[in-house]
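The structure under discussion appears below in the form of structure tokens.
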Amino acid sequence: MIVQIWNELKHKNFKPIYVFYGKETFLLSETVRLMQEHAIPEEERDFNFSMFDMEETEIDTAVEDAETLPFMGEKRVVVIKNPYFLSTEKKKEKVEHHLERFERYIEEPSPFTILALIAPYEKLDERKKITKLLKKKANVVEMNELSESETIAWMNELARQEDVLIEQSAIDQLFALTSGNLMIISSEMKKLCTYVGKGNTITEEDVKKLVARTLEQNIFELIDYVIQKKKEKALELFYHLLKMNEEPIKILNLMASQFRLLYQVKQLGASGYTQPQIASILKVHPYRVKLANKQAKMFQDHELTSIIQQLAEADFEMKAGKMDKQLVLELLLMRRFQT
């Protein structure tokens, strides 16, 4: 849905009123950028683009601007930020809004104005009259996250815009390294496109060479090596992390967090929940659930509970100072290779 809206904006297929809501700030800001870029020529933006924050400005001021004819242009874009009168969130109101004029505008919007409400809230208050009216008359779009397929389509589009191709294996690698974080993907795609140059192809090796790994990604790979019984690679990565001054207790805590995720994903999957539902329940990115599900299939339930118990015991030993922290982790890893 979001990628579809972006394509409509790029093809100048505009609606009079939009409501974009959700917690994914990158999606919200990118949508405003695309709307501004494709609705108003650059030389007209100072005159025909306005943004109003509802925590500081009355709604009537934004409506009055939306009713004003564009200056030396065809379109005016008016963005309304933080319309908390649409939210279920309870907060102290800094500005009192009288919505009657806005309601009349929704019924008969200006044909020359694109009005966009940017609501950084997980959901809208469906009980309110103004919300019901907007859902009936406006184009209301949820922007909490892109699905995996939407993200892949968007990555291909970013490459195409730079006259660059990207291999599927490179997309998979970039997705994994960024954990699906859209802001990081956008930044890394720009870097990769510049590196390979127009007319060329981004490969998996390019991604591995240029995109930095987070500690979380290294821990995921470490666990993957352990699962696959790749002892040398696991120990090589473990010692590399120590050389990079990563604290053993931090490594241990991230390993414990990942194994708890594997257990939770396995239990919820066995109860009939889908991957998107699991992601929503656990409040993690769907791609993390997909990867965790793949790893979880390598274990029986009792194996995961045993590993989680071993990790808890190792945590106690580290904090109690009973043994050198690095040695505790080394012994823990070696025990996994002996099973």
Side-chain angles (χ1 to χ4, degrees), residues 1-11 20 22-38 42 143-225 228 230 233 236-237 240-241 243-246 254 258 275 279 284-295:
M1 179 62 174
I2 299 170
V3 173
Q4 179 185 335
I5 292 292
W6 286 353
N7 287 332
E8 289 176 2
L9 295 177
K10 291 172 186 176
H11 289 92
F20 300 111
K23 288 289 191 178
E24 180 53 79
T25 56
F26 175 80
L27 293 178
L28 295 171
S29 61
E30 179 68 6
T31 302
V32 171
R33 185 191 70 78
L34 289 171
M35 184 175 291
Q36 183 185 43
E37 178 183 336
H38 294 281
E42 187 173 357
M143 291 201 157
N144 281 317
E145 61 188 19
L146 290 181
S147 67
E148 184 181 344
S149 60
E150 286 176 324
T151 305
I152 290 170
W154 173 61
M155 291 164 73
N156 276 303
E157 175 64 14
L158 289 177
R160 189 194 64 77
Q161 289 172 7
E162 300 296 328
D163 191 23
V164 168
L165 297 174
I166 180 167
E167 293 178 350
Q168 183 59 48
S169 59
I171 287 176
D172 294 340
Q173 185 69 23
L174 181 56
F175 210 124
L177 290 177
T178 59
S179 297
N181 185 300
L182 301 177
M183 191 170 294
I184 298 175
I185 288 174
S186 177
S187 174
E188 295 296 343
M189 281 295 295
K190 289 174 185 175
K191 182 167 67 177
L192 287 161
C193 288
T194 302
Y195 175 75
V196 301
K198 292 185 181 297
N200 294 307
T201 300
I202 299 170
T203 67
E204 184 178 353
E205 287 305 312
D206 294 326
V207 175
K208 289 180 177 178
K209 186 188 302 182
L210 294 182
V211 180
R213 288 178 178 273
T214 64
L215 177 57
E216 288 80 3
Q217 286 299 330
N218 279 317
I219 296 302
F220 179 87
E221 188 169 16
L222 175 63
I223 291 172
D224 219 34
Y225 287 148
Q228 297 177 46
K230 294 182 178 180
K233 284 187 173 292
E236 181 183 346
L237 178 53
H240 171 73
L241 293 175
K243 191 180 293 185
M244 298 299 291
N245 295 318
E246 297 292 353
L254 286 171
Q258 180 63 18
Q275 288 187 18
V284 298
H285 194 281
Y287 193 71
R288 279 196 67 195
V289 174
K290 178 182 177 180
L291 295 177
N293 186 53
K294 184 179 177 181
Q295 286 188 334

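Evaluated for a side-chain contact (heavy atoms from CB on, under 4.5 Å) with Ile166, the options Leu158, Leu192, Ile171 yield exactly one hit, Ile171.
Here the shortest heavy-atom pairing between Arg288 and Val284 reads NH1-CG1, 4.0 Å. Closest approach of Leu237 and Leu222 over heavy atoms only: CD2-N, 3.6 Å. Of all heavy-atom pairs spanning Glu188 and Leu210, the tightest one is OE1-O, 4.2 Å. Listed here is the closest heavy atom pair of Glu150 and Ile2: OE2-N, 3.6 Å.
Looking at residues two or more places apart in sequence or on another chain, you find a side chain to side chain contact (heavy atoms under 4.5 Å, CB included) between Arg160 and Glu157.
Using a distance-only test at 3.5 Å, with no hydrogens or angles considered, no donor-acceptor pair links the side chain of Ser186 to the main chain of Leu182. A distance-only check finds a donor-acceptor pair linking the side chain of Asn200 to the backbone of Val196 [under 3.5 Å]. A donor-acceptor pair under 3.5 Å is formed between the side chain of Gln217 and the backbone N or O of Ala176.
Environment of CD in Glu42: sparse, with no more than 12 heavy atoms of neighbouring residues, nucleotides or ligands closer than 6.0 Å. Counting non-hydrogen atoms of other residues, nucleotides and ligands closer than 6.0 Å to NZ of Lys294 gives a total of 12 or fewer.
Ionic pairing of Glu205 and Lys209 is not present here: no N-O contact between side-chain nitrogen and carboxylate oxygen is shorter than 4.0 angstrom.
Between the side chains of Thr203 and Asp206, a donor-acceptor pair is found at a separation under 3.5 Å.
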